[in-house]
Amino acid sequence: MEVLITADRIQTRVDELAAEIVRTYDGKPVTVVGILTGCLMFTADLIRRIDLPIRVAFITASSYRGETFVAGRLEIHDELLPDIAGKHILLLDDILDTGKTLTRVVAHLIDRGAASVKVSVLLRKLGRQEVPFEPDFVGFTIPDKFVVGYGLDFNDEHRHLPFVGILQPG
Ligand code: IMP
Ligand code: MG
C-alpha cells in the first residue's frame, strides 16, 4: 500500500491542531464528540494533548455500507451522547469528503441544544465536496483518492494502521 501520510507527520500535525484548539477555547470547557468509528485514533491522540477541561462522547454516523465506495443513506445514532444542552462541542471526524455527514451531524447537535459546534477533521479531500461546509481545524488536505488507516477503513479493515495509505481499487 502506498503511504500518503506517515505516522510521524500525523503525530506532528495532531500536536499543532491540539495547540490551535487550546488557544481557540482559551480555558473554556469543551465536550469533544467523536464520530465513530473513523474518529477512533484521531480522538485518542488529540484529546491526550488538549489541556482544557473536557468531556468525551461519541456519536455514530454511517453512510458507507459494506464493500462499496458509494455513499448511501446516512444514519445517525446518538444513544451514547450525554446531555449537551448549553455545551460547547468540538466535533471530530476522520475525513471531510462530500460534506454531507458533517452538515447533518452539526445540525443534529444544534438541535440537541449545543451552545456552539466547532469541527476538526484529520483529512479533507480535494474536489469532492457537494455541500458547502467549512471545518474549523483541518489536519491535511489530500487528493481525491480512497484512503485507509489511522481510523479510516474499507469495509472495517485497515483502521489499525498508524499511517494513512492509498487503497488501490480492485
Ligand atoms: P461525507 O459525508 O461524504 O463527507 O463522508 C464522510 C465519511 O465517509 C467519513 O467519515 C468516512 O467514514 C467516509 N469516507 C470518505 N472518504 C473516505 C476514504 O477515502 N476512505 C475511507 N472512508 C472515507
Ligand atoms: Mg467512516
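For this chain, numbers begin at 1 and follow the sequence in order. All ligand and atom numbering here is 1-based and tracks the order in the structure.
Taking the charged nitrogens against the carboxylate oxygens, R104 and E75 have no contact shorter than 4.0 Å, which rules out a salt bridge.
Of the options D94, T101, T37, the smallest heavy-atom separation from atom 6 (C) of ligand 1 is shown by T101. Taking each of D144, V147, T98 in turn, the one with a heavy atom nearest to atom 21 (C) of ligand 1 proves to be V147.
A side-chain contact (heavy atoms from CB on, under 4.5 Å) with H158 is found for exactly one of D156, N155, L161, namely L161.
No hydrogens or angles considered: nothing links the side chains of Y150 and D94 as a donor-acceptor pair under 3.5 Å. Checked by atom type, the side-chain pair R124/T141 shows no donor-acceptor distance below 3.5 Å.
Judged by the shortest distance from any of its heavy atoms, G99 lies inside the 4.0 Å radius around the atoms of ligand 1. The closest approach between R104 and ligand 1 stays at or above 4.0 Å for every heavy atom of the residue. Note on ligand 1: E130 sits outside its first shell, no heavy atom being nearer than 4.0 Å.
Geometrically, ligand 1 and F146 share no nitrogen or oxygen pair separated by less than 3.5 Å.
Contact annotation for L102 and ligand 1: no heavy atom of the residue comes within less than 4.0 Å of the ligand.
Remark: D51 CG is loosely packed, at most 12 non-hydrogen atoms of other residues, nucleotides or ligands lying under 6.0 Å away.
With S120 contributing its side chain and F137 its backbone, the two residues share a donor-acceptor pair below 3.5 Å.
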